[in-house]
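Take a look at the structure set out below.
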Amino acid sequence: MATKSMRCLLAVPAVRREFFQKAADSATDALFLDLEDSVSPEQKLAARANAARALDEVNWNSKRVLVRCNALDSEWAFRDIEHLGARCHRLDGFLIPKIGSVDEIRHAEALLGALNRERPRERPLELHILIETALGMARVEAILEMATRVVSVSFGVGDYSLSMGGQDRSVGGANKDYAVLTDGAADTARHAHWNDQWHFALARVANACHAFDVMPMDGPFGNFADRLGFAAAAARGRVLGYAGKWAIHPSQIELANQAYTPSTEEVSWARAVHAALATARREGKGAVAMNGQLLDIAHRKIADRILARAGVAEGSAHDE
Ligand code: COA
Ligand code: MG
């Protein structure tokens, strides 16, 4: 799907008006004004009003600006979507939390479709969703197979953990108890090897998204003082095929951008692949060796992807 990149998606509670300008001026590609879990029930209506005013009054530059509405079965969701979707020109779309069924997606798509028809926009309101419950995870492929206007799926690690029994106090961090202990055979020292308790869920969401041409977004990492931990989590998501990561604090934005922007080494590799394959092609070969490594058409596609993500024109001076 051709869509604007979203290396970082910044969460901005709609009750924290002092955050708005900072978010607008930041280096994030996208942000959402949150009406859901960073807002107490007593503040829901004030948060909605703040979001409406901010959408009209703040200069959001070229950022993708979303609103995270309340869950569809809550008493607030319908008015969140109707009120903001009908009035706010600058709104790019909604991020809908806790999607757990195909029916909910149908409902959300019908609501956004109606708003887009009632008031046609240059770019129709986008639909972004969160998969963050055991039920949503169990049905993610079915949900995406029937969805027609979902742009991204975020994996919401905090609520997912809650839904799975609630062991994760860190929101997205590692857990020393999710480990295997080497068996100590022949009196060798025993070592605990940490595993990644989020691997199954992250990989499943990424696979479902790529199967149905939707952007997978890696969710929050709560310990914003832990820059190394965030950088490692973001790098892991990128390797799994994610398109970007949430930030819950401005200090995480640059780290997410870095993780999801190809390095100069990757760009050099991609250019070298183009050059080597162009030469191979002139010599009538499809595959060739570069520094002891096989290169074939798949590598060219990987190189194209890296150059596109880096914003470099496809091909290079050496290419045909
Ligand atoms: N968006 C924009 N600006 C933010 C921000 C955010 N999410 N979080 C903090 N800031 C700004 C502050 O206004 C402050 O700006 P200043 O230096 O110009 O005064 C600066 O960044 C440092 O903020 P800090 O004092 O470290 O943060 P805090 O203690 O006030 O708040 C959190 C910490 C975690 C409560 C806050 O970052 C936050 O609410 N994050 C989003 C939470 C959320 O949306 N959760 C739901 C989705 S998981
Ligand atoms: Mg959540």
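None of these values were measured; they are calculated from a predicted model. Residue numbers run from 1 in the order of the sequence given. Order of listing sets the numbers, starting from 1, for every ligand and every atom in it.
Of all protein N, O or S atoms, those under 2.8 Å from the Mg ion (ligand 2) number 2.
Considering only residues two or more places apart in sequence or on other chains, R227 meets the side-chain hydrogen bond (donor to acceptor under 3.5 Å, both in side chains) condition with none of them. Judged as a salt bridge (charged side-chain N to carboxylate O under 4.0 Å, His left out), and not counting sequence neighbours, the contacts of D37 are K98.
R68 has no carboxylate O lying under 4.0 Å from a charged side-chain N of E132, or vice versa, which leaves the two without a salt bridge.
Enumerated by chain and number, the residues approaching ligand 1 to less than 4.0 Å through a heavy atom are L10, A11, V12, P13, R16, F19, K22, D34, S38, R68, F224, W246, I248, H249, P250.
Looking at T261 and R7, their side chains do bring a donor and an acceptor atom within 3.5 Å of each other.
Atom CZ of R79 has 12 or fewer heavy atoms from other residues, nucleotides or ligands within 6.0 Å. Heavy-atom contacts from other residues, nucleotides or ligands closer than 6.0 Å to CD of E18 number more than 12. Annotation for H199: atom NE2 does not count as buried by contact number, only 12 or fewer foreign heavy atoms lying within 6.0 Å.
Just one residue in the list H128, E126, E36 forms a side chain to side chain contact (heavy atoms under 4.5 Å, CB included) with L95, and that residue is H128.
One hydrophobic cluster holds both F200 and I131 under the rule that ILVMFWY side chains link at heavy-atom gaps under 4.5 Å.
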